[in-house]
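What follows is a set of notes on a single structure, which appears directly below.
By convention here, the first residue in the shown sequence is residue 1. When a ligand or atom number is given, it counts from 1 through the structure's own listing order. Not measured: the values here are computed from a predicted model.
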Amino acid sequence: MKKVIIIGASSGMGSRIATDFARLGWRVGIAARREDMLKEIKNLYPDRIEYMAIDVAAEDAVERFNRLIELIDGMDYLLYAAGCGWMDPELDDASTAQTIRTNVLGFSRIINAAYKYFKSTANLHRGHIAAITSVAGTKGIGVSAAYSASKRYQWNYLQAIDQLAHQQHVNVAVTDIRPGFVDTPLLAPDRTYPMEMSIDYVAPRIEKAMLQAKRIAVIDSRWAVATTLWRLIPDALWRRLRLDF
Ligand SMILES: NC(=O)c1ccc[n+]([C@@H]2O[C@H](COP(=O)([O-])OP(=O)(O)OC[C@H]3O[C@@H](n4cnc5c(N)ncnc54)[C@H](OP(=O)(O)O)[C@@H]3O)[C@@H](O)[C@H]2O)c1
């Protein structure tokens, strides 16, 4: 029976993927800050899901993460699905700090802890580290500076961990999952976004990327084309674009 830990599983994509894996018979460890929501998800599959309240920005995050691994008796897959971010053209200090604490500090802590776990255990079978980053890491986005920069950080961090695993002969696959807009509580509820996707559409694609141990998975192909085009735009032109999502 496969075992997966999902950080950021109280809502949105993380919560949906947790229940999908539980339905398949996997052991699933879920974490986030809102314990009441984690409990509700556990109650859907009480024999297969365990939960632990974790704030990835808190000092005790790694200790609690390791306790959750023990609760489900090991880990084959980590999915880091925690995240926050806002449209923030006024560059609010509190939003910037929260984005960095969650998407940079908390992310690095949990990825490091997962890598160390696999380094000590994954010699016989392969470990998997996956994270939902975003297409927002493609370029700096003016109305979302902290978020887009934090997602670029995540891309580079995962690439670095993949290289480290190769150099240290650690049997772990690293998957960077980059969706475009998805209809989750992260987005403002009162508006629609360009090429917005439903969780029903995105979740199976994320799961497939994890199971196939893809290095990078852009979701979906329309977003792969769009971000390839973004990359080709010279800075002098990019600065003029109004990406007022
Ligand atoms: N929705 C999109 O359009 C979109 C597009 C591309 C990428 N993404 C990325 O996808 C990931 C999942 O987001 P989502 O869209 O599914 O939105 P979501 O429903 O808001 O999910 C975010 C999850 O992260 C958890 N979280 C936030 N801060 C945390 C913290 N300090 N410690 C632990 N858990 C924390 C939240 O739980 P608690 O509040 O209970 O802690 C929640 O379970 C994020 O990294 C996001 O950047 C989203």
Side-chain angles (χ1 to χ4, degrees), residues 5-20 29-42 51-62 64-65 68 78-88 94-95 97-111 113 130-138 141 144 146-155 157-158 175-189 191-203 205-206 209 216-220 222-224 226-227 243 245:
I5 299 275
I6 303 180
I7 308 292
S10 60
S11 65
M13 291 181 262
S15 131
R16 163 61 187 266
I17 291 164
T19 52
D20 283 352
I30 56 173
R33 292 165 303 177
R34 288 169 293 174
E35 202 167 343
D36 50 333
M37 299 182 77
L38 297 175
K39 254 185 214 163
E40 278 180 27
I41 296 165
K42 174 179 168 58
Y51 71 88
M52 176 76 57
I54 299 179
D55 178 351
V56 296
E59 288 292 323
D60 64 355
V62 168
R64 298 180 75 82
F65 172 65
L68 182 57
L78 165 75
L79 176 63
Y80 190 89
C84 64
W86 295 271
M87 294 298 155
D88 183 23
S95 309
Q98 187 60 21
T99 304
I100 293 169
R101 276 197 295 268
T102 310
N103 299 359
V104 175
L105 178 61
F107 169 86
S108 312
R109 269 196 186 124
I110 298 294
I111 299 296
I132 305 178
T133 66
S134 172
V135 296
T138 308
I141 298 173
S144 199
Y147 184 73
S148 58
S150 72
K151 292 299 174 177
R152 186 64 171 213
Y153 175 91
Q154 295 183 342
W155 289 15
Y157 207 90
L158 293 170
T175 299
D176 178 349
I177 297 156
R178 303 175 181 174
F181 288 119
V182 186
D183 182 16
T184 72
L186 191 92
L187 299 183
R191 46 171 311 185
T192 54
Y193 292 80
M195 297 199 287
E196 188 175 333
M197 301 172 283
S198 68
I199 295 188
D200 283 347
Y201 176 80
V202 164
R205 286 165 172 79
I206 293 177
I216 296 170
V218 179
I219 297 173
D220 60 358
R222 293 167 306 161
W223 279 100
T227 49
L243 294 172
F245 295 128

- Query: In ligand 1, which numbered atoms sit nearer than 4.0 Å to a non-hydrogen atom of Ala9?
  - Reply: 43 (O)
- Given that the side chain starts at C-beta and the backbone is N, CA, C, O, which of these parts of Leu186 lies under 4.0 Å from ligand 1, counting heavy atoms, or is it both or neither? both
- Task: List every atom of ligand 1 that sits less than 4.0 Å from any heavy atom of Phe181, numbering the atoms from 1 in the order shown and giving each element.
- Result: 3 (O)
- Note on the structure: Min over Gly85, Ala81, Gly83 of heavy-atom distance to atom 11 (C) of ligand 1 lands on Ala81
- Query: Is there a donor-acceptor pair closer than 3.5 Å between any side-chain N or O of Arg109 and the backbone N or O of Ala58?
  - Reply: yes
- Item | Any donor-acceptor N or O pair under 3.5 Å, side chains Arg34, Ser11 | yes
- Item | Check: Trp155 side chain, Val135 main-chain N or O, donor-acceptor pair, under 3.5 Å | no
- Message: To check you understand the geometry: which heavy-atom pair defines the closest contact between Ala31 and Leu68, and what is its length?
- Response: CB-CD2, 4.0 Å
- What atoms of ligand 1 come within less than 4.0 Å of a heavy atom belonging to Ile54? 32 (N), 33 (C)
- Message: Under 4.0 Å from a heavy atom of Leu187: which atoms of ligand 1 are those, numbered in the order shown and with their elements?
- Response: 3 (O)
- Can you find a heavy atom in the side chain of Tyr157 that is under 4.5 Å from one in the side chain of Ile111? yes
- Message: Out of Asn103, Ile132, Ile219, who is nearest to atom 10 (O) of ligand 1 when you count heavy atoms only?
- Response: Ile132
- Message: Could you check whether any side-chain heavy atom of Ile100 comes within less than 4.5 Å of a side-chain heavy atom of Leu105, counting everything from C-beta outward?
- Response: no
- Item | CA sep, side-chain torsions, deciding dist, call: Leu186, Tyr147, side chain to side chain contact (heavy atoms under 4.5 Å, CB included) | CA-CA 12 Å; Leu186 191 92; Tyr147 184 73; 4.0 Å; yes
- Does any non-hydrogen side-chain atom of Phe181 lie less than 4.5 Å from one of Pro194? yes
- Message: With a heavy-atom distance limit of 4.0 Å, tell me whether Tyr193 approaches ligand 1 through its side chain, its backbone, both, or neither.
- Response: neither
- Do Asp200 and Arg16 sit within salt-bridge range, that is, some charged N less than 4.0 Å from a carboxylate O? yes
- Message: Using a 4.0 Å heavy-atom cut-off, which part of Ser15 comes near ligand 1: side chain, backbone, both, or neither?
- Response: neither
- Query: Among all protein non-hydrogen atoms, which one is nearest to atom 28 (N) of ligand 1, and what is the separation to 0.1 Å?
  - Reply: Arg33 NH2, 3.2 Å
- Counting both backbone and side chain atoms, is some N or O of Val182 under 3.5 Å from an N or O of ligand 1? yes
- Looking only at protein heavy atoms, what sits closest to atom 47 (O) of ligand 1 is Tyr147 OH, 2.6 Å
- What are the two closest non-hydrogen atoms of Ala9 and Ala32, and how far apart are they? N-CB, 4.1 Å
- Considering the heavy atoms of Asp55, write down every atom of ligand 1 situated less than 4.0 Å from one of them. 30 (C), 31 (N), 32 (N)
- Any N or O on Lys151 sitting closer than 3.5 Å to an N or O of ligand 1? yes
- Task: Give a yes/no on ligand 1: does Tyr80 have at least one heavy atom closer than 4.0 angstrom to it?
- Result: no
- Please report which non-hydrogen protein atom sits nearest to atom 14 (P) of ligand 1, along with the residue it belongs to and the distance in Å to one decimal place. Thr184 OG1, 3.4 Å
- Query: Can a cation-pi geometry be assigned to Arg178 and Trp223, taking NZ or CZ under 6.0 Å from the six-membered ring centre and within 45° of the ring axis?
  - Reply: no
- atom 16 (O) of ligand 1: nearest protein contact (heavy atom, Å): Met13 N, 2.9 Å
- Take Ile199 and Asp183 through the side chain to side chain contact (heavy atoms under 4.5 Å, CB included) test and state the conclusion after the steps. CA-CA 6 Å; Ile199 295 188; Asp183 182 16; 5.6 Å; no
- Task: Mind telling me whether Tyr153 and Phe107 have parallel, tilted or perpendicular rings, with 30° and 60° as the class edges?
- Result: perpendicular
- Number the atoms of ligand 1 from 1 as they appear, then name those within less than 4.0 Å of a heavy atom of Gly12, with their elements. 16 (O), 19 (O)
- Numbering as shown, the atoms of ligand 1 that approach Gly8 to under 4.0 Å (heavy-atom distance): 23 (C), 24 (O), 25 (C), 43 (O)
- Message: Within the 4.5 Å heavy-atom criterion, are Ile219 and Val182 side-chain neighbours or not?
- Response: no
- Taking N or O atoms only and a 3.5 Å limit, does Gln98 qualify as a polar contact for ligand 1? no
- Message: Checking a contact table here: which protein heavy atom is nearest atom 32 (N) of ligand 1, and how many Å away?
- Response: Val56 N, 2.9 Å
- Query: Taking only heavy atoms of Thr133, which atoms of ligand 1 are found under 4.0 Å from at least one of them?
  - Reply: 6 (C), 7 (C), 8 (N), 9 (C)
- Provide, to 0.1 Å, the distance between atom 6 (C) of ligand 1 and the closest protein heavy atom, together with that atom's residue and name. Pro179 O, 3.3 Å
- side chain to side chain donor-acceptor pair (under 3.5 Å) against Ser150, all qualifying residues, sequence neighbours excluded: Asn103
- Query: Which is it for Ala82 and ligand 1 at heavy atoms under 4.0 Å: side chain, backbone, both or neither?
  - Reply: both
- Nearest protein heavy atom to atom 36 (C) of ligand 1, by residue and atom, and its distance? Ser10 OG, 3.8 Å
- Message: On a heavy-atom basis, I'd like to know which of Ala53, Ser11, Gly180, Ala31 is closest to atom 19 (O) of ligand 1.
- Response: Ser11
